Amino acid sequence: MSDPLVLALPKGRLAGDCQPVLEAIGAAPEAAFHDKQDRRLRFGTSSPEIDLIPVKPFDVATFVGFGGAQLGVVGADVLAEFDYSELYVPVDLGFGACRLSVAGPQASLDAVPLAGRSHLRVATKYPNVTRKHFATKGIHAECIKLNGAIELGPMLGMASRIVDLVSTGTTLKMNGLIEEEVILHSTARLVVNRSALKTDSQRILKWINAFRDAVRESQSRETA
Amino acid sequence: MSAAPSLLPAGLEDQLPPWAETEAQALSTILETARVFGYDRVKPPLLEYEETLTAFAPDSLRKGFKLADPQAEGLLVVRSDKTGQVIRIAQTRLKDEPRPLRLSYGGQILRAKGSQLRPERQFTQAGVELIGVPDGAESQALIEIIDLCMSALTNAGVQDVTVDLTLPQIARAAAQSDPVLIQALNERNAALAESVGDAARGVVNLIDAFGPWRGAVEIMDQVQLGKDVRELETVAQAVEARHPAVEVLVDPAELRGFDYHTGLSFVLYAKGVRGELGRGGLYQAGDEQATGFTLYMDSVLRALPAQNPPEKITVSADTDTKEIARRRAAGEIIVVDLA
């Protein structure tokens with residue numbers, strides 16, 4: 001019997017949506033996984049073939065990219081930021097829909113219009129996506145990397161724009177920010193490490209297909 | 001310039017015992033295997049003129065260190081891959097030698113940039129090129145190359161190898177230079193390909209076909225990929241017959257890094273080793289058909305079992321020198337005590 005596969009799961013926004021999928025594929029987390037007091041970093045599931053590691057969303061891509069975990073669940077927004085060559089993205093899990101957008105206070109948008117600019121200061125958690133996006137418009141984006149409360153950037157005069165995830169737009173509105181343009185639409189994806197897929201193909205293909213079937217079933221339930 | 005006298009530039013390392021020895025032995029085993037398959041060794045230089053090298057290996061300039069040569073006006077490039085150099089030798093100095101030409105090489109290469117997942121910038125590359133493959137003998141030549149590569153790895157002690165057969169010319173044609181389709185292929189992302197519409201059907205089929213070779217061939221036959229699939233089947237069967245312990249997969253969606261390949265190709269993986277051990281395939285060397293493989297020795301080293309330090313026998317300085325010589329000739333490690 002070979003070692004269990006490691007599935008990296010994102011803490012936070014996508015965590016709740018992962019639960020039904022895990023149950024559908026027969027890898028429901030052990031009870032301790034939901035216990036906030038439990039300090040373990042790795043958990044078993046109802047399948048002896050799958051172990052779980054809950055990590056920060058950005059770290060899911062890194063764990064799977066480096067082969068520490070063979071499988072992972074991660075937003076397309078994070079994948080766009082990393083662009084790891086060792087990651088395959090075989091299944092769109094469909095949940096966690098949101099968009100990565102450029103936004104700013106109306107005053108900044110008026111004072112610093114994009115047209116004619118060669119340089120722009122942007123607060124973001126996504127410096128690579130941001131630089132690439134503005135480079136296509138001929139604008140050099142100087143990114144201020146923040147790990148949370150991005151909205152504070154323009155509010156406190158550090159930048160004229162932010163690039164951040166928007167799901168309903170409520171946070172933006174509450175902080176007086178206007179969504180200027182959408183960079184990309186994102187949903188949660190199943191990612192797989194390239195060499196793991198090649199050297200353990202039968203086992204990993206089986207789990208990819210289990211995820212795919214679970215998604216198909218839940219989507220047909222929704223449309224029914 | 002640096003505080004610690006032991007600090008080395010990024011991506012460079014001192015290889016220490018026992019690994020330096022292990023790598024040297026593995027390299028010599030690989031090249032010895034090539035020798036008994038009839039491959040002659042060549043040794044190209046470290047530096048070349050930018051124009052010379054890029055004429056045979058367009059990729060080298062992008063990846064290589066560049067130096068200004070004070071003696072000959074012009075730009076020199078440190079080799080970042082030896083394949084282009086071997087092609088240059090075959091097409092210039094050895095152009096009148098009878099074909100097919102079988103050449104092998106092993107040595108250091110240097111890359112200007114490491115990647116996040118492969119930070120090493122200097123490593124040892126070993127490989128062979130088979131240049132001047134006659135028309136109709138492509139499969140036969142590729143079988144020889146994969147057979148040689150597998151024999152070399154087995155002789156060096158590498159286990160649990162997977163050969164992933166690829167069809168870069170088919171993947172390239174299916175992608176139609178569309179950046180979204182290329183991204184879909186690289187990510188094996190069928191959903192992304194489907195977003196392009198009907199034109200993406202070919203790409204989706206290639207992504208879906210991945211797996212153990214028999215199943216993959218069946219799927220590809222359903223979408224009628226024809227002649228290339230028969231070739232692939234011949235090669236897969238032959239590799240499996242010669243090396244039953246090797247797992248043979250087919251991944252027709254693989255495109256990354258196969259910029260100059262024109263036919264059936266392959267990538268090698270070993271269980272538990274990050275990244276690939278090496279790769280190879282059919283390509284066009286000028287107006288000649290060619291094939292070959294290249295192995296990255298740092299990855300090969302990671303695929304070898306842990307090494308025990310060698311057993312050394314210490315003898316006193318007054319031991320009979322003939323006796324010492326006899327034991328050394330028998331392969332024992334004899335250290336003479338200096339005290």
Side-chain angles (χ1 to χ4, degrees), chain A residues 2-3 5-6 58 61-72 74 76 78-94 97 128 132 136 184-206 208-209 211-212 215-216 219, chain B residues 114-119 158-166 179-180 182-195 204 207-216 219 246-251 253-257 266-277 279 299 302-303:
Chain A
S2 39
D3 293 335
L5 298 170
V6 176
F58 276 71
T62 307
F63 274 98
V64 181
F66 280 82
Q70 291 76 40
L71 304 161
V74 63
V78 173
L79 292 177
E81 177 64 15
F82 281 107
D83 197 22
Y84 281 135
S85 62
E86 299 295 298
L87 279 186
Y88 290 161
V89 192
V91 186
D92 184 343
L93 298 170
N128 292 328
K132 251 188 246 167
T136 61
L184 59 89
H185 290 275
S186 171
T187 48
R189 308 295 164 92
L190 176 71
V191 289
V192 175
N193 175 266
R194 178 179 179 224
S195 12
L197 176 64
K198 306 292 185 169
T199 57
D200 201 351
S201 61
Q202 294 189 357
R203 223 161 40 129
I204 292 183
L205 281 175
K206 184 183 87 182
I208 291 176
N209 287 328
F211 271 98
R212 203 171 271 150
V215 171
R216 214 167 277 151
Q219 280 168 353
Chain B
S115 66
Q116 196 166 18
L117 293 168
R118 191 191 182 84
V158 179
Q159 288 174 337
D160 290 328
V161 176
T162 298
V163 178
D164 200 22
L165 295 173
T166 66
V180 177
I182 291 172
Q183 188 192 346
L185 281 171
N186 287 340
E187 295 182 352
R188 306 299 189 275
N189 189 336
L192 178 65
E194 274 159 2
S195 72
V204 174
I207 294 172
D208 286 345
F210 168 74
W213 72 268
R214 287 190 177 78
I219 294 175
V246 168
E247 180 165 39
V248 183
L249 304 179
V250 172
D251 190 351
E254 183 70 82
L255 195 52
R256 219 186 269 271
F266 60 96
V267 187
L268 303 165
Y269 301 87
K271 194 150 201 163
V273 178
R274 169 159 42 92
E276 52 192 60
L277 298 186
R279 52 168 58 209
S299 299
R302 279 194 284 271

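A, B, ... follow the sequence lines: proteins, then strands. Residue 1 opens every chain. Quick caveat: nothing in here was measured; it's all calculated off a predicted structure.
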* Asked: Are any non-hydrogen side-chain atoms of A:Val89 and B:Arg188 less than 4.5 angstrom apart?
  -> no
* To do: Assess whether salt bridge (charged side-chain N to carboxylate O under 4.0 Å, His left out) is satisfied between A:Arg189 and B:Glu187, documenting all intermediate values.
  => CA-CA 11 Å; A:Arg189 308 295 164 92; B:Glu187 295 182 352; 5.7 Å; no
* To do: Determine the option with the most heavy-atom pairs under 4.5 angstrom with chain A, choosing from B:Asn189, B:Ile207, B:Val267.
  => B:Asn189
* Residue pair B:Glu276 / A:Ser195, side-chain heavy-atom distance below 4.5 Å -> no
* **Which portion of B:Ala270 sits near chain A, non-hydrogen atoms under 4.5 angstrom** => backbone
* Asked: What's the spacing between B:Arg274 CZ and A:Arg194 CZ if we round to 0.5 Å?
  -> 13.0 Å
* Under 4.5 Å, counting heavy-atom pairs only, tell me which of B:Gly275, B:Pro212, B:Ala190 racks up the most with chain A. => B:Gly275
* Looking at B:Asp251, B:Val273, B:Leu192, B:Val161, which makes the most heavy-atom pairs under 4.5 Å with chain A? -> B:Asp251
* **Heavy-atom closest contact (A:Thr199 atom, B:Thr162 atom, distance)** => CA-OG1, 3.8 Å
* Would you mind reporting whether A:Leu205 and B:Phe210 have side-chain heavy atoms less than 4.5 Å apart? => yes
* Asked: How about B:Glu254 and A:Lys198: do any of their side-chain heavy atoms sit closer than 4.5 Å?
  -> yes
* Nearest-0.5 Å distance that lies between atom CG in A:Leu87 and atom CG in B:Asn186 -> 12.0 Å
